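Comments concern the structure below.
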Number of protein chains: 2
Amino acid sequence: MTETRQAEGTRARILETALDLFHKGSFKGTSINQVVEQAGITKGALFHYFKGKNELGYAVVEECIQAQIIETWVKPLATSVDPISDLIGILDHFEEMMQEQPEIVEYGCPLNNLAQEMSTQDEDFRLRLVSLYQQWETALEKALRAGKDAGTVKESIDSEAVASAIVALMEGSIGLIKVNRDRGHIRKIDSGARAFLELLRP
Amino acid sequence: MTETRQAEGTRARILETALDLFHKGSFKGTSINQVVEQAGITKGALFHYFKGKNELGYAVVEECIQAQIIETWVKPLATSVDPISDLIGILDHFEEMMQEQPEIVEYGCPLNNLAQEMSTQDEDFRLRLVSLYQQWETALEKALRAGKDAGTVKESIDSEAVASAIVALMEGSIGLIKVNRDRGHIRKIDSGARAFLELLRP
DNA sequence: CACAATAAACCGACCAGTTGGTATGTTATC
DNA sequence: GATAACATACCAACTGGTCGGTTTATTGTG
């Protein structure tokens, strides 16, 4: 049972490995052979489950990255009535993560990395990636509306527009952190993002 | 004179072509052969001027992208006393450009593209890229301070932190526009960024 | 001013290694 | 015994990079 073949087990390991390599490297920058090697399987197994490299990438987006986005950005805001506090809570969570597993944070947001690399190169990639951003923005927009109703968010703002601005701010900040690896600069970026969020309070 | 050899002419054409291809594609995604072909030169010429692909990339950062950043983000804020209005002016300028030369805008910010792709892969790239971000942030910080003195910017904000948050917001917004090619969504992202900037007014 | 010497600019065939992908297996499971 | 789950050998195309050579411009010298 452990050494023999196991349908979903191998597939999952391929996806997990691909996510890791696409995240730490890039899509075009990692070869199928790397995935095969690091996953401890063979090319035959990979091509048995995925038609090609692109299909593997699509699966990583739809099955792995989507789950991450929902887990870290959608769920925590699902029932929020004070989205600004909750967003700042997420930032706190990132800071904790940075001390425990710095590598994961240092390589940036998997969604943004893939989006910036592939959205202009492959329309099938792009469509799947916008779908994730959509979900993120929708969750934010809903939370902002709820916040307005509860009096925790400025009435005057346009929830839809500000939602995408928050996504932009988050992705931009994570991207800057990835480039400026220096601890001091990271703190600066972090407090800048927090400052912007605080401005949304009434 | 036109058909014969011309030292700096070829070098400049190589750089120009490389910038274009790295921008529309990516660094790892474009081959030296592509650069050679599109520039209408030969491999010998390219390797005569640059030690290798990486060196070509460094030159693109230092000579082409730096100039762009200074031109569009540093200079316009150099003598600003109302940075928020000036930043919004830059956004207006982008909107004009989008109608004239949409391709240039659609492929995102060359600095951010390269930074997100290469900063975790090559330290020499990273150092050159942070230097550009530094210049951008410094210009913003200075303008924010001047704005505070002139009463056009909220006194309570931390100029240093907010400066990097603005860079994050800009890069994030440009990145989102690149992924969400749809006109309607672009408008939303644009007005979201503007809304955030407006919050910095006293 | 001629003219050889030197260096810079450029060419294109070639190289070893890698790429994504395939074809043909073998082995286990229902 | 059919089908899913792998393994392995292989392929053409392309990768970044090298290398010997040719062409042009510059410069020192008589």
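In what follows, every chain begins at residue 1, and chains take the letters A, B, ... in the order their sequences are listed. This structure is a prediction, so every number in the text was calculated from the model and none was measured.
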Using a cut-off of 4.0 Å between protein heavy atoms and nucleotide atoms, how would you tag nucleotides 8-16 of chain D 5' to 3' with B, S and -? B------BB

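Using modelled atom types, one finds no donor on one side chain facing an acceptor on the other under 3.5 Å when comparing A:Asn54 with A:Asp124. B:Ser173 and B:Arg194 are not linked by any side-chain donor-acceptor pair at a separation below 3.5 angstrom, with hydrogens and angles left out of the test.
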Distance-only criterion, 3.5 Å: show the donor-acceptor pairs between side-chain atoms of residues 33-41 of chain A and protein atoms not counting sequence neighbours.
residue : atom : partner : partner atom : Å
A:Asn33 : OD1  : A:Lys43 : NZ           : 3.2
A:Gln34 : OE1  : A:Ser31 : N            : 3.0
A:Gln38 : NE2  : A:Asp20 : OD2          : 2.9

Dump the intermediate steps for side-chain contact (heavy atoms from CB on, under 4.5 Å) on A:Val162 and A:Glu141, then the final yes or no. CA-CA 8 Å; A:Val162 168; A:Glu141 193 192 328; over 6 Å; no

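In terms of phosphate contacts, B:Thr10 brings no side-chain nitrogen or oxygen within less than 4.0 Å of OP1 or OP2 of C:dA9. Between B:His48 and C:dC10, a side-chain N or O to OP1/OP2 separation shorter than 4.0 Å is absent. For B:Tyr49 and C:dC10, the shortest distance from a side-chain N or O to OP1 or OP2 is below 4.0 Å.
For the pair B:Leu140 and B:Leu77, the tightest heavy-atom approach, listed with the atom from each and the gap, is CD2-CD1, 3.6 Å.
Between the C1' atom of D:dC6 and the CZ atom of A:Arg13 lies a distance of 12 Å, rounded to the nearest Å. Rounding to whole angstrom units, CZ of residue B:Phe50 and P of C:dA9 are separated by 12 Å. Counting to the nearest Å, the P atom of C:dT19 and the CG atom of A:Leu46 are 14 Å from each other.
Note: B:Phe27 and B:Phe125 have perpendicular aromatic rings, judged against thresholds of 30 and 60 degrees for the angle between ring planes.
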